[in-house]
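Just so you know, residue 1 is the first one in the sequence shown, and it goes up from there.
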Amino acid sequence: MIAVISDVHGNFPALRAVLAEADRLGCTRVISLGDVTGYYAEPEKCIDLLTQYGAVQLLGNHDGYLVDGTGCPRSRLVSSLLEHQTRVVRRDQIELLAGLTSQYEEGDACFVHGGWEDPRDQYLYRVSPDKLTGPWRYYFSGHTHVQVLASLGAKTYCNPGSVGQPRDGDPRAAFALFDGRRITLQRVSYDIDETAAAMRRAGYDEPRLWENLYIGAQIGGRIDKVEIIEREHTK
């Protein structure tokens, strides 16, 4: 049994809770779809824990910002939070991230961080069969922080949701189980107060940076959705 996780974003209490639940459910492997870094205060602990688990890890856009030494082109806030990430993520961890790709294939399944047009940075807020390009039966992606499971003809799509910053209105950390044929969505509660305390210890005193975790939303309070389109309209 594989635990498929995504978008940990430096939220160590959430990752710890997810992996403990995955262990309890009998998982023997972990595949992480990327963005282990970004947003929250303990990315170095998250990288080490996934390494201890021998997880297959993909490169997300936030991870890429650290590797490339660039800020986020879409958000000044994200760029400012990356300054903390660069102080706590070790050089050997940067090197580990630099060696990752944003797509992984195994049997009938393909795993990406974003989408199949841009594995690192494509947002799939609308999922239809034509977005699932390739020969696989099972398609997994992260990036939107919205948990989804849908059958689209002969293909199955899953976004396991976000471990560290769910944005679908459910504050519990999200992940999925995959046994090679069947996918099930999972949620587990964790100590959000502990994540907030870690942010304060790191020098952040703006509650808006973690208040969203209590309602399962983006920073600022927006809750996102993903639309599933079973058939494309033809002319």
Side-chain angles (χ1 to χ4, degrees), residues 1-8 15 18-19 21-36 49-61 63-64 96-97 99-164 166-168 173-188 224-234:
M1 184 80 73
I2 301 171
V4 183
I5 69 173
S6 191
D7 298 283
V8 175
L15 177 62
V18 162
L19 293 180
E21 180 68 0
D23 286 342
R24 188 187 72 80
L25 293 170
C27 291
T28 57
R29 298 179 59 205
V30 177
I31 296 177
S32 173
L33 305 185
D35 275 358
V36 64
L49 186 55
L50 288 179
T51 301
Q52 290 170 22
Y53 269 75
V56 173
Q57 298 190 59
L58 303 185
L59 184 76
N61 57 305
D63 307 323
L96 183 153
L97 295 175
L100 302 179
T101 62
S102 299
Q103 181 168 321
Y104 172 71
E105 302 165 24
E106 183 174 309
D108 289 338
C110 185
F111 306 81
V112 299
H113 179 68
W116 284 268
E117 295 175 6
D118 181 348
R120 184 193 291 196
D121 203 16
Q122 179 186 5
Y123 285 99
L124 293 180
Y125 287 116
R126 299 175 78 247
V127 180
S128 57
D130 71 309
K131 298 292 186 183
L132 309 180
T133 56
W136 305 283
R137 173 71 178 85
Y138 303 98
Y139 293 73
F140 293 85
S141 73
H143 202 29
T144 66
H145 298 215
V146 177
Q147 193 177 60
V148 176
L149 179 59
S151 293
L152 296 168
K155 299 179 179 182
T156 299
Y157 172 75
C158 177
N159 186 317
S162 174
V163 171
R167 297 177 181 174
D168 53 8
F175 67 108
L177 301 181
F178 181 49
D179 66 3
R181 298 186 307 274
R182 184 167 177 261
I183 303 168
T184 58
L185 301 180
Q186 305 288 327
R187 305 295 287 234
V188 63
D224 290 333
K225 295 181 179 180
V226 168
E227 182 183 5
I228 301 297
I229 304 169
E230 294 187 6
R231 294 181 179 83
E232 286 294 292
H233 295 294
T234 58

How would you list, by chain and number, every residue that makes a ring-ring contact (aromatic ring centres under 6.0 Å, His included) with [X], sequence neighbours excluded?
X	value
His145	His9
Tyr53	none
Tyr123	Tyr125, His143

What residues form a side-chain contact (heavy atoms from CB on, under 4.5 Å) with Ala109, not counting sequence neighbours? Phe111, Tyr138, Phe140, Phe178

Ser141: which residues meet the side-chain contact (heavy atoms from CB on, under 4.5 Å) condition with it, sequence neighbours left out? Val112, Trp116, Leu124, Tyr157, Asn159

Closest heavy-atom contact between [X] and [Y]?
X	Y	answer
Gly134	Tyr139	O-OH, 2.7 Å
Thr184	Gln186	OG1-NE2, 3.3 Å
Pro166	Ala173	CG-CA, 4.3 Å
Ala174	Val163	O-CG2, 3.5 Å
Arg120	Gly60	CG-C, 3.8 Å
Pro119	Gln103	CG-OE1, 3.7 Å

Quick one: do Thr144 and Arg167 satisfy side-chain contact (heavy atoms from CB on, under 4.5 Å)? Show the steps, please. CA-CA 8 Å; Thr144 66; Arg167 297 177 181 174; over 6 Å; no

Would you check if the side chain of [X] reaches a backbone N or O of [Y] as a donor-acceptor pair within less than 3.5 Å?
X	Y	answer
Gln57	Ser32	no
Gln122	Glu117	yes
Lys155	Leu132	yes

Can you find a heavy atom in the side chain of [X] that is under 4.5 Å from one in the side chain of [Y]?
X	Y	value
Val148	Ile228	yes
Leu177	Asp179	no
Arg29	Val56	yes
Thr51	Leu96	yes

Separation of [Y] [atom2] from [X] [atom1] (nearest 0.5 Å):
X	Y	atom1	atom2	value
Met1	Cys27	CE	SG	6.0 Å
Asp63	Leu97	CG	CG	5.0 Å
Asp121	Asn61	CG	CG	4.5 Å
Leu19	Leu50	CG	CG	6.0 Å
Leu58	Ser6	CG	OG	8.0 Å
Leu59	Asp35	CG	CG	8.0 Å

Report the residues that fulfil salt bridge (Lys or Arg N to Asp or Glu O under 4.0 Å) with Arg187, sequence neighbours left out, ordered by chain and then residue number. Asp168, Asp170

For a quick check under 3.5 Å, do Arg137 and Thr156 share a side-chain donor-acceptor pair by atom type?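 A pair is found: one side chain offers a donor N or O, the other an acceptor, under 3.5 Å apart.
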
Kindly indicate, with the supporting measurements, whether the criterion side-chain contact (heavy atoms from CB on, under 4.5 Å) is fulfilled by Val127 and Glu227. CA-CA 6 Å; Val127 180; Glu227 182 183 5; over 6 Å; no

Quick one: which of Leu15, Leu25, Leu185 gives a side chain to side chain contact (heavy atoms under 4.5 Å, CB included) with Phe175? Leu25

Run the side-chain contact (heavy atoms from CB on, under 4.5 Å) test on Leu33 and Asp7 for me, step by step, so that the C-alpha distance in whole Å, both residues' side-chain angles and the decisive distance to 0.1 Å come before the verdict. CA-CA 7 Å; Leu33 305 185; Asp7 298 283; 6.0 Å; no

